[in-house]
Amino acid sequence: MSESHNAVGSVDHARIERAVREILEAIGEDPSRDGLVDTPSRVARMYAEVFRGLHEDPRVHMQTKFEVEHRELVLVRDIRFYSMCEHHLVPFFGRAHVGYVPGKDGTVAGLSKFARLVEGYAARPQVQERLTSQIADAIHEELQAHGTIVVLQAEHLCMAMRGVKSPNAETVTSAVRGSLQSNAATRSEAMSLILTGLHH
Ligand SMILES: Nc1nc2c(ncn2[C@@H]2O[C@H](COP(=O)(O)OP(=O)(O)OP(=O)(O)O)[C@@H](O)[C@H]2O)c(=O)[nH]1
Ligand SMILES: [Zn+2]
C-alpha cells in the first residue's frame, strides 16, 4: 500500500495571517495591541515550518540507498519527533523507533535518513496511527526490506492540557511488515530491543 500524497500548492502566508487575526478577535482579544500585532505573521511562519511536510515527499530520503552484506536487523531508536494532531491542531510528540531487516539485495539507507523520514511525515496534520504506518510503508517498499517495524511513543497535548486532562498518558503504536510481521521470533527480538530503550 503506498501513501496517498495529497500535497497541493504551498503555504499561503497572507491567508493564515488573516485567519489568525480572525481567531484572535473571535476569542475576544485585540489583535492590534502591542504584544499581538506581529502574532499573525509569526504564526504564518510557524505553520509553514511545522506543516512543511505537506509539500514534500519524505520517501525521497529512502532513495539514497546502497548495498551492504548485512541481512539482519538494523534498528534506529529514540528518534525525537514533533507533530500536530489533526483533530485539535495542538502538538503530539515523542520518540520513534524504526527497524528493518534488509531484503535479499542488502539494500540499506543512511541512518540519518530514517530521522528525516520521520520528520517529513510528522510535519503534517497527523494522527499517530497514520504517521506510524506511513513510516513503515516507506521503509518497507522503498528499501524492499525483508521486514520492517516502527514503534512510536507519544504524548498528545490535546489529552494533557485540555479535554480529559491525562498528562501522563502515553500512546504507543506499532506497524510491522513482511518477515517482522510473519515471524514471531524475529518480531519479539526487535520488540525487546525497542522496549529496553523505552523511557520517559
Ligand atoms: N486515534 C487517535 N485519536 C487521536 C489522536 N490525536 C487525538 N485523538 C483523539 O481524537 C478524538 C477527537 O474526539 P472528538 O470527540 O471529536 O473531539 P473532542 O470533543 O475535542 O474530544 P475530547 O478530546 O475527548 O475532549 C479525541 O478522542 C482525541 O483524543 C491520534 O493520533 N490518534
Ligand atoms: Zn488532538
Side-chain angles (χ1 to χ4, degrees), residues 1-8 11-12 15-16 19-29 39-40 42-59 61-62 75-100 114-141 148-177 180-181 187 190-191 194-195 197-200:
M1 186 191 75
S2 81
E3 59 135 351
S4 63
H5 188 67
N6 53 1
V8 277
V11 173
D12 184 338
R15 200 166 177 184
I16 297 173
V20 171
R21 246 176 251 117
E22 274 292 314
I23 290 172
L24 286 170
E25 278 181 28
I27 64 170
E29 261 290 2
T39 296
R42 273 190 214 103
V43 174
R45 287 194 302 276
M46 176 186 72
Y47 275 9
E49 186 180 344
V50 302
F51 296 130
R52 70 194 176 284
L54 279 174
H55 310 288
E56 67 180 54
D57 182 356
R59 283 184 178 230
H61 303 303
M62 291 293 104
L75 180 65
V76 185
R77 219 164 58 184
D78 282 334
I79 300 169
R80 296 299 299 255
F81 73 88
Y82 294 85
S83 189
M84 292 285 263
C85 149
E86 70 183 22
H87 297 132
H88 299 94
L89 293 183
V90 295
F92 69 96
F93 56 95
R95 292 180 175 82
H97 316 282
V98 308
Y100 67 107
F114 297 96
R116 293 190 185 284
L117 181 71
V118 171
E119 243 179 35
Y121 284 122
R124 300 172 176 192
Q126 273 290 13
V127 293
Q128 189 174 327
E129 295 91 331
R130 187 171 64 234
L131 178 56
T132 311
S133 58
Q134 283 176 329
I135 298 165
D137 288 335
I139 296 169
H140 198 66
E141 292 168 12
T148 302
I149 183 165
V150 175
V151 175
L152 262 56
Q153 51 173 148
E155 178 177 350
H156 290 245
L157 287 189
C158 67
M159 279 182 71
M161 67 181 284
R162 58 157 297 285
V164 70
K165 295 202 172 76
S166 297
N168 292 318
E170 181 174 70
T171 304
V172 180
T173 45
S174 71
V176 283
R177 304 285 184 264
L180 284 165
Q181 185 175 53
R187 184 177 60 237
M191 211 39 119
I194 290 170
L195 290 172
L198 283 185
H199 47 72
H200 298 277

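Numbers here are sequence positions counted from 1. Note that ligands are numbered from 1 as they come in the structure, with each ligand's atoms numbered from 1 the same way.
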query: Under 30°, 30 to 60°, or over 60°: which ring-plane class applies to Phe92 and His156, parallel, tilted or perpendicular?
result: parallel

- request: Determine if the distance from atom 1 (N) of ligand 1 to the closest protein heavy atom is below 4.0 Å.
  value: yes

statement: for atom 25 (O) of ligand 1, nearest protein heavy atom and its distance come out as Arg162 NH2, 2.8 Å

message: Set out, in order, the CA-CA distance, both residues' side-chain angles and the distance that settles side chain to side chain contact (heavy atoms under 4.5 Å, CB included) for Phe114 and Val118, then state yes or no.
response: CA-CA 6 Å; Phe114 297 96; Val118 171; 5.7 Å; no

- prompt: Does the Gln126 side chain pair with the main chain of Tyr121, one donor and one acceptor, at a distance under 3.5 Å?
  reply: yes

statement: Ranked by distance from atom 31 (O) of ligand 1, the top protein heavy atom is Gln128 N, 2.7 Å

query: Are the side chain of Gln128 and the backbone N or O of Thr171 linked by a donor-acceptor pair below 3.5 Å?
result: yes

- request: Looking at His88, pick out the N, O or S atom nearest to the Zn ion (ligand 2) and give its name.
  value: ND1

task: Compute the angle centred on the Zn ion (ligand 2) spanning SG of Cys85 and SG of Cys158, and express it rounded to 10 degrees.
output: 130°

query: Between Arg77 and Ile194, is there a donor-acceptor pair closer than 3.5 Å when you use the side chain of the first and the backbone of the second?
result: no

- prompt: Is there a heavy atom in Arg130 that sits closer than 4.0 Å to ligand 1?
  reply: no

- prompt: Does ligand 1 have any atom that is closer than 4.0 Å to a heavy atom of Glu86?
  reply: no

message: Suppose I only count heavy atoms of Cys158 and a 4.0 Å limit; which atoms of ligand 1 are within that range?
response: 7 (C)

query: Would you call Arg59 and Glu141 a salt bridge, using N to O less than 4.0 angstrom?
result: yes

Expected output: side-chain Arg95 to main-chain Gln153 donor-acceptor under 3.5 Å: no

query: Who's closest to atom 11 (C) of ligand 1 heavy-atom-wise, of His156, His87, Met159, Glu129?
result: His87

query: Of all the atoms in ligand 1, which lie at a distance below 4.0 Å from a heavy atom belonging to Cys85?
result: 6 (N), 7 (C)

- request: Using side-chain hydrogen bond (donor to acceptor under 3.5 Å, both in side chains) as the criterion, list what pairs up with Glu86, not counting sequence neighbours.
  value: Arg130

query: Between Gln126 and ligand 1, does any nitrogen or oxygen pair lie at a separation below 3.5 Å?
result: no

field: Heavy atom of protein closer than 4.0 angstrom to atom 15 (O) of ligand 1
entry: no

query: Hey, is atom 6 (N) of ligand 1 touched by any protein heavy atom at less than 4.0 Å?
result: yes

query: Of all the non-hydrogen atoms in the protein, which one sits nearest to atom 18 (P) of ligand 1, and at what distance?
result: His88 NE2, 3.9 Å

Inter-residue atom distance Arg80.CZ - Glu119.CD, 0.5 Å rounding: 12.5 Å

